[in-house]
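Reading through the structure tokens given below for one structure.
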Protein chains: 2
Amino acid sequence: MDEEFKLNSIAAADWPAADEPAEQEASSKQRRLSPAQRREDFIRKATSLFAEEGFDAGTRELARKLGVTQPLLYRYFPSKDDLIREVYKRVYLDRWQPEWDDMLGDRSRPIRERLQHFYDAYTDAIFDRDWIRIYLFSGLKGASINKWYVSIVETRILTRIIEEYRHEAGLPAQEPAAAELELAWLLHGGIFYYGVRKHIYDSPVLEQKNRAISNALDVFLEGISSVFGTAVKTRSTAIRKVSGPDGQD
Amino acid sequence: MDEEFKLNSIAAADWPAADEPAEQEASSKQRRLSPAQRREDFIRKATSLFAEEGFDAGTRELARKLGVTQPLLYRYFPSKDDLIREVYKRVYLDRWQPEWDDMLGDRSRPIRERLQHFYDAYTDAIFDRDWIRIYLFSGLKGASINKWYVSIVETRILTRIIEEYRHEAGLPAQEPAAAELELAWLLHGGIFYYGVRKHIYDSPVLEQKNRAISNALDVFLEGISSVFGTAVKTRSTAIRKVSGPDGQD
DNA sequence: CTGTTAATTTATCGACCGATAAATTTAAAC
DNA sequence: GTTTAAATTTATCGGTCGATAAATTAACAG
């Protein structure tokens, strides 16, 4: 892997000049856009097109969606692969919120609360049809940025979850063991799969996402404490019993 | 969805006649194969090719891998889509083991043991590069057989897990609530994601699959019993009872 | 060996793909 | 209004795709 990626690289629209002539507003009758705006439109529409049909979707269809002709693409991107790379960056890099890094490590709050806040926010960002489909498409394609992101999840999220759990449980601090990391993957993958079912399989999921997360965290934290051999105050406030949406059971 | 699927439809090689002239063995110098054998080879190679490159992989590349020319494909399949459908059937239908259906419902054994046996066997069958990649490719494509399979998982596996858990925990029998099913999805998705990491992301996973499953089941069963409000004998290697915060509040 | 059947190949079609070059048109500068 | 730069379109190329028709050739029956 000889590519380098950086989270939140403000790579947005900093090409020719996105702020000179009062930045033309998106009038529908506008026949020409500023290069920055046009480029932005290409990336945006390409993201949703590739998300739906995969990266084999044609450049002509993309141009048609933008109301322009196909060769225009090549004034803004040297090749289709370059466009794809821009889409990658937009999807993978620009959605990571820096505060997530601190969120999990804030020991002034109980871990149960931190995890709930984190996964609520994190899934708000990535349980998005475009994001999750492009994530899997790029994974199937073996894109290096996908493997890079997986390692980010492991170091920035899962390792930290285990570390913070161990701390709150009064266990000695240490590098998380492989089996512990695997348990964190169980939680993370289980939550992630909620998004897969919703956006890839188009399958019905429990409507209230935050409730699904809350129950998942309860099960995980309760369960992990017995497996690890030490209990931790975990339960969130209300839920005493899992039940249907209207609580009838 | 106007298609119908059936698990374990012995759809293997029952086309023209797969058993007449002593069924030619796969000699490398053989220039012509029996139609049944040729068709079988097409499906097999197509499975691995589509698994690697997606269903957009070309028919010429497929033929090349078989050492034949591309138009020959069309003597065995009316169209590429028909070939893809055959691959679907092979991957989705022929791998389901009928005994799995009973495995989960055998109340003469504790649920912990049943779940371990089931997931060991189930993942032996589906944590296969071809299977899991075609599963996701077809999901992204919106193939009806994929949606059908998801519903099979829900009715044949997840619903049963909840029912059996409730039974063993002494809870009243009832249709699993949506939130309960969602928790079963958490376990199932978490385990499934192990295969995704391994075969889609090509990411390192805990070597001993059965240990990952064992830990996952410990966490799940211990956790769910505190969330459901009733404990169940779960641990594989008998350990003390967890200090479940006794869900009554 | 001869004749027949069918498995396989050769040749090719029309559609679509990503990409390039040249012509055109818009918009802003003067 | 004229000029000028560049955004956009028109035209087109070589390659690949799925698919069809016709020619070939291997295998078997007699």
Side-chain angles (χ1 to χ4, degrees), chain A residues 13 15-43 45-46 49-50 53-87 141, chain B residues 13 15-43 45-46 49-50 53-87 141:
Chain A
W15 193 40
D19 41 37
E20 275 165 10
E23 198 51 57
Q24 314 137 333
E25 296 305 318
S27 141
S28 60
K29 262 203 155 178
Q30 198 132 8
R31 319 193 53 153
R32 294 190 174 191
L33 301 182
S34 74
Q37 182 68 40
R38 182 64 81 197
R39 182 181 156 91
E40 180 65 23
D41 286 1
F42 266 119
I43 297 176
K45 272 282 194 298
L49 176 63
F50 292 155
E53 312 194 5
F55 298 109
D56 293 317
T59 55
R60 281 172 179 83
E61 185 175 353
L62 171 59
R64 197 178 48 72
K65 280 180 188 288
L66 283 167
V68 299
T69 56
Q70 178 252 1
L72 185 59
L73 167 67
Y74 294 90
R75 264 197 104 65
Y76 296 90
F77 305 90
S79 73
K80 185 184 174 182
D81 269 338
D82 288 274
L83 170 61
I84 292 176
R85 264 187 288 274
E86 285 307 309
V87 170
K141 232 182 126 184
Chain B
W15 193 40
D19 42 37
E20 276 166 8
E23 196 54 55
Q24 315 137 334
E25 296 306 318
S27 142
S28 60
K29 261 203 156 176
Q30 199 133 9
R31 318 192 56 153
R32 294 189 174 190
L33 300 182
S34 75
Q37 182 67 42
R38 183 64 81 196
R39 183 181 155 92
E40 181 64 22
D41 287 1
F42 265 119
I43 297 176
K45 272 282 193 297
L49 176 63
F50 292 155
E53 312 193 5
F55 298 108
D56 293 318
T59 55
R60 282 173 181 79
E61 186 176 354
L62 171 58
R64 196 178 49 73
K65 279 180 188 289
L66 283 167
V68 298
T69 56
Q70 178 252 0
L72 185 58
L73 168 66
Y74 294 90
R75 261 196 104 65
Y76 296 91
F77 305 90
S79 73
K80 185 184 175 182
D81 269 339
D82 287 274
L83 170 61
I84 292 175
R85 263 187 290 274
E86 285 307 310
V87 170
K141 232 183 126 183

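Convention: sequence-line order gives letters A, B, ...; per-chain numbering from 1.
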How many Å lie between CG on Asp56(B) and P on dA15(C), as a whole number?
20 Å
Round to the nearest Å and state the distance from Lys80(B) atom NZ to dT16(D) atom P.
15 Å
What is the distance from CZ of Phe77(A) to C1' of dT20(C), rounded to the nearest Å?
18 Å
What does Ala63(A) touch in the nucleic acid at a heavy-atom separation under 4.0 angstrom: a base, only the sugar-phosphate, or nothing?
nothing
Rounded to whole angstrom units, what separation is found between the CD atom of Glu61(B) and the P atom of dC17(D)?
8 Å
What is the distance, to the nearest angstrom, from the CZ atom on Arg60(B) to the P atom on dT8(C)?
18 Å
Hey, does the side chain of Lys80(A) reach the backbone of Gly58(A) with a donor-acceptor pair shorter than 3.5 angstrom?
no
Given atom CZ of Arg64(A) and atom P of dG18(C), what is their separation to the nearest angstrom?
14 Å
For residues 61-74 of chain B, run the donor-acceptor check on the side chains, cut-off 3.5 Å, and write out each pair with its distance to 0.1 Å, sequence neighbours left out.
unit_1   : atom_1 : unit_2   : atom_2 : d
Gln70(B) : NE2    : Thr59(B) : OG1    : 3.2

Rounded to the Å, how far apart are Arg39(B) CZ and dA7(C) P?
13 Å
Separation of dG18(D) P from Leu49(B) CG (nearest whole Å):
10 Å
For the pair Lys141(A) (side chain) and Gly54(A) (backbone), establish whether a donor and an acceptor sit closer than 3.5 Å, ignoring hydrogens and angles.
no
Asp82(B) meets the salt bridge (charged side-chain N to carboxylate O under 4.0 Å, His left out) criterion, sequence neighbours left out, with Arg85(B)
Generate the contact string for nucleotides 2-9 of chain D. Rules: B means base contact, S means sugar-phosphate contact only, - means no protein heavy atom under 4.0 Å.
----BBBB
Could you label the plane-to-plane angle of the Phe42(B) and Phe77(B) rings as parallel, tilted or perpendicular, counting under 30° as parallel and over 60° as perpendicular?
perpendicular
Specify the closest pair of heavy atoms between Tyr76(B) and Arg39(B), including all atoms of both residues, with the distance to one decimal.
O-NH1, 3.4 Å
